[in-house]
Amino acid sequence: APESLMQALEDLDYLAALDDDGNLSEVGIIMSEFPLDPQLAKALIASCEFDCVEEMVSLAAMLTASPCFVPLSTHLEEAVALRRRALLHPNGDHFTLINIFNAFQQRECGQGLGGLHPCGHPTDPFVSPASPAPPGLLEVMRRIELPVSPPAFGSDANALNIQRALISGYFLKVARDIDGSGNYVMLTHKHVAHLAPACGYLLRPPPRRLPPWVLYHEFTISQDNCLRVVSEIQPQMLVELAPQYYLSNLPPSEGRDLLMELREKVVAAEDAPAEPE
């Protein structure tokens, strides 16, 4: 439909993938080298700037592969749930997926991790049980001479860098909890959605804390109106990394107003004269 085409072009423009004439920009040309959706490709490119390439490549493998948890017989459900909770990462589902990928790498392929697929799929071009990171994406990055930083997963600095890279690609997919009870309004079109039952924030033992602001990978309105693969973000970071004209073009909402207030504070701080030493 024409509306969908115009929305896709607008999204590419926000991602800096198009130039003023509507052709692919330098960033867009690099993004097109990766067999990924534009937002994930942009996040992967941003990981070069934020020194979290290995982690983002592992995450890309998990996001593009089939689900890693498979349904098992009823008598094994509790054991699988315990193992699944053990892999949860406090920073959100994206980080949990990296945890799972790393756990695969630390075991021989085929042994399994309690309800998980084996680590290598013959049909998956990105996942390889013999290498520390999916070779397909890394080969593309090396071929086009993008810097590949060493792994640093687990440090606070690395967690912040992964969040920065994710926001750089997925600022179009942000939602805010409007009442503290899990009713998330998506900033781009003000639709209200909920966290998927498999979301890590819902799998944690009580007392649970639902994040006020989240970045999500997927939204499914046709099935259950849920946000899938969700991680908490700070609005300050969103304001710093999302394009200014994207924030200005958001539909009116309390979330947009909060972001614009934060943006004004950031601009004021940048324009303030430096204090003499």
Side-chain angles (χ1 to χ4, degrees), residues 11 14-16 27 31 34 36-64 87-102 133 137 141 146-177 184-188 195-196 199-204 209-219 227-244 246-247 250 255 258-259 262-263 265-266 269:
D11 290 350
Y14 285 139
L15 292 168
V27 172
M31 289 168 57
F34 298 101
L36 303 170
D37 69 71
Q39 294 169 349
L40 186 52
K42 181 64 181 292
L44 187 58
I45 294 171
S47 71
C48 299
E49 176 185 355
F50 298 118
D51 296 329
C52 55
V53 171
E54 290 274 359
E55 293 79 11
M56 193 56 63
V57 167
S58 299
L59 177 58
M62 296 299 290
L63 290 172
T64 53
L87 291 167
L88 292 179
H89 194 286
N91 288 340
D93 295 342
H94 296 83
F95 295 81
T96 295
L97 289 176
I98 299 174
N99 258 351
I100 294 170
F101 186 90
N102 290 341
L137 296 179
M141 299 185 77
L146 292 177
V148 177
S149 53
F153 191 65
S155 69
D156 291 340
N158 180 255
L160 287 174
N161 285 337
I162 293 172
Q163 289 176 344
R164 292 185 178 106
L166 282 171
I167 292 174
S168 297
Y170 283 93
F171 57 85
L172 293 162
K173 292 186 175 181
V174 171
R176 173 177 174 265
D177 188 350
Y184 285 91
V185 172
M186 290 175 281
L187 295 184
T188 50
L195 302 183
C199 176
Y201 293 106
L202 300 180
L203 295 177
R204 295 171 185 170
R209 186 192 71 86
L210 297 180
W213 293 79
V214 297
L215 174 149
Y216 60 92
H217 176 67
E218 184 182 28
F219 167 62
L227 307 176
R228 300 186 182 279
V229 188
V230 168
S231 293
E232 182 173 9
I233 63 167
Q234 299 302 319
Q236 177 79 17
M237 196 178 290
L238 177 63
V239 165
E240 292 172 355
L241 294 170
Q244 167 62 29
Y246 163 73
L247 297 176
L250 286 172
L258 292 171
L259 292 176
L262 282 175
R263 179 62 187 170
K265 292 179 180 178
V266 170

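These values consider heavy atoms only, across backbone and side chains, with no hydrogens, waters or symmetry-generated copies.
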Could you check if a side-chain atom of [X] sits within less than 4.5 angstrom of a side-chain atom of [Y], using non-hydrogen atoms only?
X	Y	answer
Y246	T188	yes
M237	L160	yes
E49	S168	no

[X] side chain to [Y] backbone, donor-acceptor under 3.5 Å:
X	Y	result
S231	L215	no
E55	F153	yes
T96	H89	yes
E232	G92	no
D93	V230	yes
S58	I98	no

- N161: side-chain hydrogen bond (donor to acceptor under 3.5 Å, both in side chains) partners, not counting sequence neighbours: R164
- Task: For H217, enumerate each residue passing the side-chain hydrogen bond (donor to acceptor under 3.5 Å, both in side chains) test, keeping only those at least two apart in sequence or located in another chain.
- Result: Y170
- Message: Going by side chain to side chain contact (heavy atoms under 4.5 Å, CB included), F171 matches just one of I233, L15, L241, L166. Which one?
- Response: L15
- Task: Check the pair I167 / E240 against side-chain contact (heavy atoms from CB on, under 4.5 Å), numbers first and verdict last.
- Result: CA-CA 10 Å; I167 292 174; E240 292 172 355; over 6 Å; no
Roughly how far, to the nearest 0.5 Å, is [atom2] of [Y] from [atom1] of [X]?
X	Y	atom1	atom2	value
K42	L172	NZ	CG	9.5 Å
F50	I45	CZ	CD1	12.5 Å
L202	L210	CG	CG	6.5 Å
L259	Q236	CG	CD	10.0 Å
T64	L137	OG1	CG	7.0 Å
L238	W213	CG	CH2	7.0 Å

Quick one: closest heavy-atom pair of [X] and [Y], and the distance?
X	Y	answer
M31	P38	CE-O, 3.3 Å
Y184	P211	OH-O, 2.6 Å
E54	P150	CG-C, 4.1 Å
A43	M56	O-CG, 4.0 Å

- Give the C-alpha distance, both sets of side-chain angles, the deciding distance and a yes or no for side-chain contact (heavy atoms from CB on, under 4.5 Å) between L146 and V53. CA-CA 10 Å; L146 292 177; V53 171; over 6 Å; no
- Task: Begin from the C-alpha positions of M62 and V229 and carry the test side-chain contact (heavy atoms from CB on, under 4.5 Å) through to its verdict.
- Result: CA-CA 11 Å; M62 296 299 290; V229 188; over 6 Å; no
